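All remarks here apply to the structure that follows.
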2 protein chains.
Amino acid sequence: MSVSPPTLADVAERAGVSRQTVSNAVNNPDLLRPDTLARVQESIEALGYSPNRAARNLRTRASHLIGMRIGPAQEGTANATMDRFVHSLVETSREAGYHVLLFAGDGHDPEAGYADLLRSTAVDAFVVTDTYLGNPQASWLEERRAPFVAFGRPWEALNSRHPWVDVDGAAGTELATRHLLDKGHERIAWIGWRKDSRIGEDRRSGWTRAMHERGLPTTGLASRVEDTISSGREASAHLLDSARPSAFVCASDTLAMGVLHTLRDRHLRAGDNIAVIGFDDSQVAQVVPPGLTSVRQPLEQVAVEVVKALEGLLAHPPLVGTGVMLTPTLAVRGSS
Amino acid sequence: MSVSPPTLADVAERAGVSRQTVSNAVNNPDLLRPDTLARVQESIEALGYSPNRAARNLRTRASHLIGMRIGPAQEGTANATMDRFVHSLVETSREAGYHVLLFAGDGHDPEAGYADLLRSTAVDAFVVTDTYLGNPQASWLEERRAPFVAFGRPWEALNSRHPWVDVDGAAGTELATRHLLDKGHERIAWIGWRKDSRIGEDRRSGWTRAMHERGLPTTGLASRVEDTISSGREASAHLLDSARPSAFVCASDTLAMGVLHTLRDRHLRAGDNIAVIGFDDSQVAQVVPPGLTSVRQPLEQVAVEVVKALEGLLAHPPLVGTGVMLTPTLAVRGSS
DNA sequence: TTGAAAGCGCTAACAA
DNA sequence: TTGTTAGCGCTTTCAA
């Protein structure tokens, strides 16, 4: 950018008005007489004027930027929910006049990135996504009265008063399990995460609920492991031997892919011999043969609700809504 | 943020120095006497001071923000290169003192997002990634003398003078083909993109080169289709019938997954009966049974080179380097 | 309905 | 080595 862009003053001079009138033309067009407005707008157009962000931000004490932290890319798993969410968030934010600023985590000091952006007033608000870690960020931000919306409910901190948006995981696995039950399966196994994962236990509860509803036992049909391919593979191999299930419901697509590994090892075919359902409707679920049935989180809708909450938070006076819970759907494919 | 963060003046008062001295303590600490510096730093620490970005941006005419456009999430494919790249870019930018600002494309006016951010001096530079579209953005930005680095070489515009970073696709497919040749395969088929894709033709050339090098024919062994699962599926079915290949090299993991679909349809097993190699080392390649061998772009390294070029571009005086070509590697898995 | 003055918080240039 | 002055481009009073 060798030559600096036009300023308010340039537009004002060309249109033969004062700078404030140009500012009004941009921010409060109703205040101008129609002919003045037209003249100013013509000049804005001709000069290709756009208000300088830094100056505007300084004056209005707002950046129209939403900060979101992203961790390193997850390789060797099927997990890409946050990547998909980022796309939706960027899209939705644009419609609300916001851009998304991405920042990296600092391994041993999770709050560092937040603190700096907050104190330097670089962003207006945050979207916090990693609530499953016990969410130290949320309470930290709350203490500092920083505006933020969480994607994920406040599992333990019931007294927290920040807005959040989440997807009902139990409803998703219940949907999945019912789908299998309706297909005639009775021995449906669960492969989920370790007990200290609130999200994992929530998703598991949907499976038990659907099973018990039909009077079916769940004992011996469940496994709790790490969220990796190999764990899913081992757990499914073990369950097949010990409990002879005809179907698997998994807490993640990653675990479900582990099951597909086991099926291949044993020359079984997902969808023909054994049904498998994953969670997240990742690209992996969409393209793996014969297609992995999976619970799909409505991320576009999550983004819409997050931005809505953000707008409330940043309004004058702030309008703090409560939590929003969304319901997932089931993407049915060949594996069931 | 109910109470506004401390300013330079607050720190100055507490430390008993002028505002300028505080500014120097932050930006040119060498200029201060050690004891003054220590006193100022103590105050900065105590007050939790961080320079206001808007004010600094206004004054220095820089935002320390890098703009990157992302399109909607690609579903139904294995393609997620850009998502992975974003992670690396965010990480690398941080080390260089930059944040990444994401913006959405505006369907029918691809330049709109760029123009606005440029004129409002919201970002210091862009990273342009969608060079495969014939890259109207690149020449558009070049005309406006906007600083940007492209991830992707300037295929047609040979006179373009902007820095770029790219990965040698032909070298990747050559690596893949040689790997198969070394395993004893002789009838190796190619499934790639339509002829108008420069990237597709480049990747194809690596396959032909490796084949011809060993004196093997390629006639009848190639197919050019859309980048979708179903195209890959149909193309591979057709090739299996017409040319009886023992291996497939594909221009993308998406196409390779199409091949896996065909193999499943025919009760063949990738890796046992037929070898398959994809391109991009997506999550899909990493988790699908029995593992999809795939060409891996060194995206972390791409990010490093992109940021390096960006720093040159934004230096005073600007230091415009030439293009940088990186070499991919082959992630070998069960499918070969 | 339009214009003048002030100042957001910072840093570059210069003076002491 | 430190302090003073000015001004980046904008919007918010307030006056005309």
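Keep in mind the model is a prediction, meaning the values are calculated, not measured. Proteins get letters first, then strands, A, B, ... in listed order; numbering begins at 1 in each.
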| said: Please determine whether a side-chain nitrogen of the Lys or Arg among A/R19 and A/E13 lies less than 4.0 Å from a carboxylate oxygen of the Asp or Glu. | reply: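 No, this pair does not count.
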| Salt-bridge contact A/R39-A/E42 (side-chain N to carboxylate O under 4.0 Å) | no
| query | Between B/D30 (CG) and D/dT2 (C1'), how many Å, whole number? | reply |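 After rounding, the reported distance stands at 15 Å.
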| field | d(CZ, A/R119; P, C/dG9) in whole Å | value |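 Those two atoms, CZ and P, are 16 Å apart.
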| request: Keeping to residues at least two apart or across chains, list the side-chain hydrogen bond (donor to acceptor under 3.5 Å, both in side chains) pairs with something in residues 88-97 of chain B. | output: none
| Taking five pairs at each end, how big is the angle between the two axes of the helix from C/dT1-D/dA16 to C/dA16-D/dT1, to 10°? |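 The end axes of the helix from C/dT1-D/dA16 to C/dA16-D/dT1 are about 30° apart, to the nearest 10°.
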| query | Could you write nucleotides 8-16 of chain D as a row of B, S and -, 5' to 3', where a protein heavy atom under 4.0 Å of any base atom gives B, of only sugar-phosphate atoms gives S, and otherwise -? | reply | BBBBB----
| request: Calculate, to the nearest 0.5 Å, the distance between atoms OG1 and CE belonging to B/T129 and B/M68 respectively. | output: 4.5 Å
| said: So, does B/T36 get its side chain near the phosphate of D/dT2, meaning an N or O under 4.0 Å from OP1 or OP2? | reply: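 Checking D/dT2 against B/T36, a side-chain N or O does come within under 4.0 Å of OP1 or OP2.
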| query | Looking at A/T21, does any N or O in its side chain come under 4.0 Å of the phosphate oxygens OP1/OP2 on C/dT2? | reply |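 For C/dT2, OP1/OP2 do not have a side-chain N/O of A/T21 under 4.0 Å.
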| request: With side-chain hydrogen bond (donor to acceptor under 3.5 Å, both in side chains) as the test, would you mind laying out the steps for B/S18 and B/Q20 before giving the verdict? | output: CA-CA 5 Å; B/S18 76; B/Q20 184 56 42; over 6 Å; no
| Does a donor on one side chain and an acceptor on the other come within less than 3.5 Å for B/N57 and B/S63? | no
| Are the side chains of B/E300 and B/H87 in touch, meaning some heavy atoms are under 4.5 Å apart? | no
| query | Should the ring pair A/F103 and A/F126 be called parallel, tilted or perpendicular, given that the plane angle runs from 0 to 90° and is split at 30 and 60? | reply |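 Rings of A/F103 and A/F126: perpendicular, as their planes differ by over 60°.
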